[in-house]
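Right, one structure below, let's go through it.
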Number of protein chains: 2
Amino acid sequence: MSTISKENYLKTIFNNSIDSGSNATATKLANDLSVSTAAITDMAKKLSEEGLVTYEKYRGMELTSSGEKAALKIIRRHRLWELFLKEVLEMSWSEVHDEAEKLEHHTSEFLIDKIDMYLNYPDFDPHGHPIPRKNGTIPKTPNVMPLSQGEKGMFCEFVRVNDKDSELIDYLAKVGFILNSKFEVVDKLAFDKSLSIKFNNKILSLSKKITESIFIRLVKN
Amino acid sequence: MSTISKENYLKTIFNNSIDSGSNATATKLANDLSVSTAAITDMAKKLSEEGLVTYEKYRGMELTSSGEKAALKIIRRHRLWELFLKEVLEMSWSEVHDEAEKLEHHTSEFLIDKIDMYLNYPDFDPHGHPIPRKNGTIPKTPNVMPLSQGEKGMFCEFVRVNDKDSELIDYLAKVGFILNSKFEVVDKLAFDKSLSIKFNNKILSLSKKITESIFIRLVKN
DNA sequence: GAATAAAGTTAAGCTTGCTTAAATAAAAAA
DNA sequence: TTTTTTATTTAAGCAAGCTTAACTTTATTC
């Protein structure tokens with residue numbers, strides 16, 4: 001049986017394997033889901049009994065194809081809700097994540113398809129993440145890299161931001177640095193790994209922690 | 001602490017006291033909520049400890065003013081979602097109830113106010129029920145009576161329908177008998193208490209059970 | 001490779017919101 | 001008023017999803 005809790009586990013396991021390229025570790029999942037590692041072990045057994053993950057003691061979990069399918073369904077709901085709340089109901093960039101986090105578990109396939117249609121089958125959510133399609137495919141994403149890997153002189157486009165830290169997103173919106181902004185890296189300090197970027201003729205200095213949450217693609221001059 | 005279950009109890013207690021004029025009985029609540037009467041007694045204790053209802057053994061429950069306030073908040077969410085799903089996302093009259101039933105528990109006050117604004121602060125939901133306002137007041141409703149009390153020769157307007165029976169609502173929509181339709185009662189059979197009504201030059205025969213779910217107001221010829 | 005640290009697992013127990021079955025109170029009928 | 005029926009409550013127990021504490025396995029360091 002699918003429950004809210006299980007949906008959240010599947011989603012988190014999926015995102016972890018995307019980020020790390022390997023199996024999701026119990027400690028990381030426990031941290032992301034704000035539960036104890038004991039809870040992770042508990043759920044690992046249940047999900048594996050249902051055939052949604054493969055699980056071997058001390059070896060972490062991995063989504064099966066049916067687990068991945070289930071994860072993508074939830075992620076699709078989340079990202080479509082985020083875009084709908086922002087575009088239609090004019091909620092701000094930073095507010096939509098938490099609201100979508102709740103709605104995603106209580107939306108029928110019928111309704112989410114209506115929302116998809118209303119938005120004209122969009123490919124990306126307000127933070128630049130691809131929206132899984134009804135058929136399970138995922139829109140092709142540009143080659144992105146964290147801004148922290150940027151170097152002086154690079155010309156870039158801001159294409160994605162982690163959606164969980166609403167304070168950061170609020171700050172970026174306030175200073176006018178929004179998705180799809182084009183900019184140049186004008187400085188990089190070895191001292192604290194902070195970057196200075198230039199966009200709209202403004203100079204903005206961003207700490208290492210911030211540049212790790214911002215993803216960019218290179219553009220020709 | 002407010003939970004989904006408690007919100008559903010409060011809503012159901014509220015609707016019951018509106019319908020019956022007196023305290024909600026355990027049997028009726030158990031039936032409406034699809035739980036055992038033992039569960040009702042259980043929850044009665046919890047809600048009463050939280051000051052949301054007054055409860056005396058064997059005497060049923062009654063909402064306190066803070067309980068009523070909480071109930072109206074949920075009902076407001078439910079009815080605004082129903083209207084939004086119908087008007088904006090073009091879901092049908094009969095589909096919106098079940099979907100709203102889930103969304104109502106997962107919608108922040110901020111979001112529901114956005115929806116309210118988007119719909120231009122409406123007074124009634126798609127089934128003719130008044131939508132409680134943010135300040136807790138309820139739009140004035142016309143004097144309604146069940147169609148089952150109609151008599152031959154009356155001129156009426158269809159102003160409300162119970163929203164729970166989606167099959168009935170689908171049927172009414174199919175035959176074109178929708179909210180705000182004007183009609184005349186042209187016959188009433190003593191045999192089975194069924195009514196014949198005339199609207200748009202069509203004659204429609206409705207069983208007693210159906211006429212009990214439809215609410216009307218009298219109009220001058 | 002042994003010692004230590006870190007990560008993961010097991011066991012026991014908690015809360016919520018239910019259930020069924022038995023007991024009791026209230027209401028209706030005789 | 002007594003009996004019978006109906007409504008309500010109590011008691012014991014269950015499943016889900018957690019917790020903490022103790023323990024075991026794996027990884028790291030010297």
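First the proteins, then the strands, lettered A, B, ... as listed; each starts at 1.
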Open item on the list: Within this structure, what is the NZ-CZ distance for the pair A/K193 and A/F191, rounded to the nearest 0.5 Å?
Closed with: 11.0 Å

Open item on the list: Tell me whether the side-chain N/O atoms of A/T41 come closer than 4.0 Å to OP1 or OP2 in C/dT10.
Closed with: no

Task: Value rounded to 0.5 Å, distance of CE in B/M154 from CG in B/L218 - done: 5.5 Å

Open item on the list: Evaluate A/E90 against B/K114 for salt bridge (Lys or Arg N to Asp or Glu O under 4.0 Å), listing each step before the verdict.
Closed with: CA-CA 8 Å; A/E90 298 183 320; B/K114 287 274 186 188; 5.6 Å; no

Open item on the list: Working to the nearest 0.5 angstrom, can you tell me the gap between B/L47 CG and B/K6 NZ?
Closed with: 6.5 Å

- [ ] On DNA chain D, check which nucleotide each of A/I4 and A/K57 is closest to and give me the residue with the more 5' one.
- [x] A/I4

Open item on the list: I need the CG-P distance between A/N8 and D/dA16, as an integer number of Å.
Closed with: 17 Å

Open item on the list: Just N and O in the side chain of B/K28: are any of them under 4.0 Å from OP1 or OP2 of D/dA7?
Closed with: no

- [ ] To the nearest 0.5 angstrom, please state how far the CG atom of B/D98 sits from the OG atom of A/S108.
- [x] 9.5 Å

TODO: Return the nearest nucleotide to the side chain of B/K46; candidates are C/dT19, C/dG17, D/dT20.
DONE: C/dG17

Open item on the list: Is there a side-chain contact between A/K45 and the phosphate of C/dT10, meaning an N or O under 4.0 Å from OP1 or OP2?
Closed with: yes

Open item on the list: Under 4.0 Å, counting only non-hydrogen atoms across every strand here, what does B/A26 touch: a base, just sugar-phosphate, or nothing?
Closed with: sugar-phosphate

Open item on the list: Between A/Y58 and C/dA6, is there a contact of a side-chain N or O with OP1 or OP2 at under 4.0 Å?
Closed with: no

- [ ] Identify which nucleotide among D/dT20, D/dG17, C/dT9 has an atom closest to any side-chain atom of A/S5, counting heavy atoms from C-beta outward.
- [x] D/dG17

Open item on the list: Please report the distance, rounded to the nearest Å, between CG in A/D42 and P in C/dC14.
Closed with: 16 Å

Open item on the list: Expressed as a whole number of angstroms, how long is the span from B/E7:CD to C/dT16:P?
Closed with: 16 Å

TODO: Could you state the atom-to-atom distance from CG of B/L33 to C1' of C/dC18 in whole Å?
DONE: 12 Å

- [ ] Send over the distance from A/L29 CG to C/dA7 C1', rounded to a whole Å.
- [x] 13 Å

TODO: Have a look at A/T37 and say if it touches a base, only the backbone sugar-phosphate, or nothing, with a 4.0 Å heavy-atom cut-off.
DONE: base

Open item on the list: Nearest to the B/M43 side chain among C/dA27, D/dT20, C/dC18, which nucleotide is it?
Closed with: C/dC18

Open item on the list: I need the CG-P distance between A/N31 and C/dA6, as an integer number of Å.
Closed with: 16 Å

Task: Integer-rounded Å distance: C/dT16 P and B/L47 CG - done: 12 Å

Open item on the list: Looking only at the side chain of B/S36 (C-beta and beyond, no hydrogens), which of the listed nucleotides C/dT20, D/dC18, C/dA11 gets closest?
Closed with: C/dT20

Task: Residue-phosphate contact under 4.0 Å: B/Y55 side-chain N/O, D/dT9 OP1/OP2 - done: yes

Task: Closest nucleotide among C/dG17, C/dA26, C/dT19 to the B/R59 side chain - done: C/dA26

Task: N-O pairing of A/E109 and A/K73 below 4.0 Å - done: yes

Task: Distance, rounded to the nearest Å, where A/E50 contributes CD and D/dG17 contributes C1' - done: 14 Å

